[in-house]
There are 2 protein chains.
Amino acid sequence: MLKAGIKQVAKLSGVSPATVSRTLSNPEIVSAATREKVLKAIDECGYTPNRFGASLRTQKSGSIVVIIPDITNAFNAGIIRSIEDEAAKVGYSVLLGDTQRDPVKVRHYASMVRSGQVDGIILFSQHLPFDITPETTIDQLPPLVNSCEPLDLDGVCQVMVNNVAAAKEAVNHLISLGHKRIGAITGNMDTPSSNDRLTGYKQALAQAGIEFDANLVTNGNYLIESGKTATEQLLALSERPTALFCFSDNIAFGAMSALHDAGLKVPDDISVVGFDDTEYAAFMTPALTTMHQPLKEIGKNCMALLLAQIEKRPISQRCIELPIKLQVRRSTAQLQQ
Amino acid sequence: MLKAGIKQVAKLSGVSPATVSRTLSNPEIVSAATREKVLKAIDECGYTPNRFGASLRTQKSGSIVVIIPDITNAFNAGIIRSIEDEAAKVGYSVLLGDTQRDPVKVRHYASMVRSGQVDGIILFSQHLPFDITPETTIDQLPPLVNSCEPLDLDGVCQVMVNNVAAAKEAVNHLISLGHKRIGAITGNMDTPSSNDRLTGYKQALAQAGIEFDANLVTNGNYLIESGKTATEQLLALSERPTALFCFSDNIAFGAMSALHDAGLKVPDDISVVGFDDTEYAAFMTPALTTMHQPLKEIGKNCMALLLAQIEKRPISQRCIELPIKLQVRRSTAQLQQ
DNA sequence: CAATTTGTTGATAACGTTTTCATTGAGATT
DNA sequence: AATCTCAATGAAAACGTTATCAACAAATTG
């Protein structure tokens, strides 16, 4: 029951280590007879190839790291699950790079590609975790795909969602229901996603000829709590909004809580729309109207794009934009006069 | 800018590779002068030690895998975040073993310890993912800690919560409010946690002299949806329950949704208690009374116990039971006559 | 029948570390 | 002065694979 190496297997089956290796990685180039012998020996001594030996030789780790601000967030968790799923299908392992927004941790995880511990990075952040000079070209970077929070660097593989358009669609929905005083509760304003959604909000307003009122936008941080406190602030306004555009479902969840506490009925007294369409959305009371994000597709595309880079395959489209669509439920209604 | 190895550093600083290695892992045994030289050279050529070279030599990967049924679940996500945090502190990486309850994936991830890819396993499952014979002794197993869903094997390190006692406390709370017809919505009944909670439920009932009514327990699966459908079933009973004990917050969330649809007010018409105290609990309407699980502590203890095994330190207490306490909020109230 | 191709296999050399062991020289002890 | 100790270093041998290259037999071709 001692840990068996490739040499033991070789000896046991009467072939060379090379042949054992071939039997495992290129079965078709070894004769049926020897293959059988080797397989039997492997089974007999319970041999499992040592990853480090192989990796050291091939310079491939078979792992990737996903650098993500907070695994606890349902949106992030959904994507990472999809990534894990796709990675597993192609024999890759996923290292969890939960950073809690700590730049030190981000860099730590990013450095793993230098030490060879991972073959590539999926990055959910707008900050490139490397030091680069202006002369640095894209192909000097390690395999990397950037998702959801675009970083400002041409040529990097990205899988995104059009946050401006999505926000616009969300707000247009409210406008079409007769709302004019539409509050907005943002996520962290240091993220591109939140900025883009704010831009979309403004564009929708402008297009409908509604004047932008800075008092109606309150900054949150994508967390439930912030949705609640922001809503309380908005309700304290002398002229309160008749609808709320929340930049995440979590925020909407907090908002609903605050609205209930204030004795307001959704959607009769006030409409609310969320963003993400997490699994909670459909079960809120009332069921939340929200922008549906294609988590599964995001993960899938991230992994595909990363794999192409790792395997140095040509990539036709380095920038993938996934559709995001409005999921209308019961939390929005025609404005009551 | 080519990737530098230890040999380049050695040449650049005029020492041997051995000294470079020592400078990095045992700085104190190399003279200050050479240390400085080496450090300067390292900095100059941007050297990062190759993980595989080191791991091959030391037979240590510096990684662990956490095998968990579903990262999307807020409870699981909370624990894994804590594990990642603790692991990072001691220089370990966390491989994400999200299995979606697929035994094949469980075994795949478990096998990583055999291939050397990870040094240990944190397992959230009641099934041991190895083939063992009756003669197998504990110290033949790889470093392993089992959490939340106890596996039936003496001597394995475990960090647990007393689900029987916790459930009992939850139900006693309802009983103390005058409830007698208390519905239960279970999680997956193939898990020990759910069975234990059901046991606790029955014990509390028995202790209060309330007869157990099988009609009042409905099987869910820890997901929101199941909470909703289970509640609908319970409400269809000729004599419906006056309180609901939900085996997870997600279930409670689904239950609240169903109750609202049925026009019932919580807690006036029916009380609800959950289990987990996820971040959503406090913001439900009404705020959910629930059993608080110490996610952070669970993760912390898991990692500590695993590390002790990896480093072959003596372990005084192999079985850790963490306290779980009732968090009373607004979803439970005195039974109205 | 000789020449060439094809299909299998083995020997061997890396891959990049760490660690053991031996060596050196300087300072301390007799 | 001769020996001993000790700290600092280097040489070299692993760790367990895989890939290259050469070798050999068998099969095909001219």
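A, B, ... follow the sequence lines: proteins, then strands. Residue 1 opens every chain.
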Acceptor/donor pairs from residues 18-27 of chain B side chains to any protein atom, 3.5 angstrom cut, sequence neighbours excluded:
residue: B/T19; atom: OG1; partner: B/S16; partner atom: OG; Å: 3.3
residue: B/T23; atom: OG1; partner: B/T19; partner atom: O; Å: 2.6
residue: B/S25; atom: OG; partner: B/S21; partner atom: O; Å: 2.9

TODO: Report yes if a side-chain nitrogen or oxygen of A/S16 is closer than 4.0 Å to either non-bridging phosphate oxygen (OP1 or OP2) of C/dT9; otherwise report no.
DONE: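 So the side chain of A/S16 is outside the cut-off, no N or O lying under 4.0 Å from OP1 or OP2 of C/dT9.
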Open item on the list: Is the phosphate of D/dT18 approached by A/T58 (side-chain N or O, under 4.0 Å from OP1 or OP2)?
Closed with: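 So the side chain of A/T58 is outside the cut-off, no N or O lying under 4.0 Å from OP1 or OP2 of D/dT18.
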Tell me which nucleotide among [options] gets nearest to the side chain of [X].
X	options	value
B/A18	D/dT18, D/dG10, D/dG16	D/dG10
A/Q59	C/dG10, C/dT19, C/dC15	C/dC15
A/L56	C/dT17, D/dA19, D/dG16	D/dG16
A/P49	D/dT17, C/dG10, D/dG10	D/dT17

Please report the distance, rounded to the nearest Å, between [atom1] in [X] and [atom2] in [N].
X	N	atom1	atom2	answer
A/K60	D/dA19	NZ	P	12 Å
A/R57	D/dT18	CZ	P	9 Å
B/Y47	C/dG16	OH	P	10 Å
B/Q8	C/dG16	CD	P	8 Å
A/Q117	C/dT17	CD	P	14 Å
B/N50	C/dT18	CG	C1'	13 Å
B/I6	C/dC15	CD1	P	14 Å
B/K7	D/dA11	NZ	P	13 Å

NZ/NE/NH1/NH2 to OD/OE distance under 4.0 Å, [X] and [Y]:
X	Y	value
B/D190	B/R101	no
B/R107	B/D102	no
A/K105	B/D85	yes

Task: Option passing side chain to side chain donor-acceptor pair (under 3.5 Å) with A/R81 (candidates B/D98, B/D70, B/N73) - done: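 Exactly one pass, corresponding to B/D70.
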Task: For DNA chain C, the residues among residues 20-37 of chain B that have a non-hydrogen atom under 4.0 Å from it - done: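 The stretch gives B/S21, B/R22 as the residues lying under 4.0 Å from the strand, ordered by number.
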Open item on the list: If you define the side chain from C-beta out and look only at heavy atoms, does anything of B/V65 sit under 4.5 Å from B/I122?
Closed with: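 They are not in side-chain contact.
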TODO: Can you establish whether the number of heavy atoms outside B/E36 located under 6.0 Å from its atom CD is more than 12?
DONE: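 No, because the 6.0 Å sphere around CD of B/E36 holds 12 heavy atoms or fewer from other groups.
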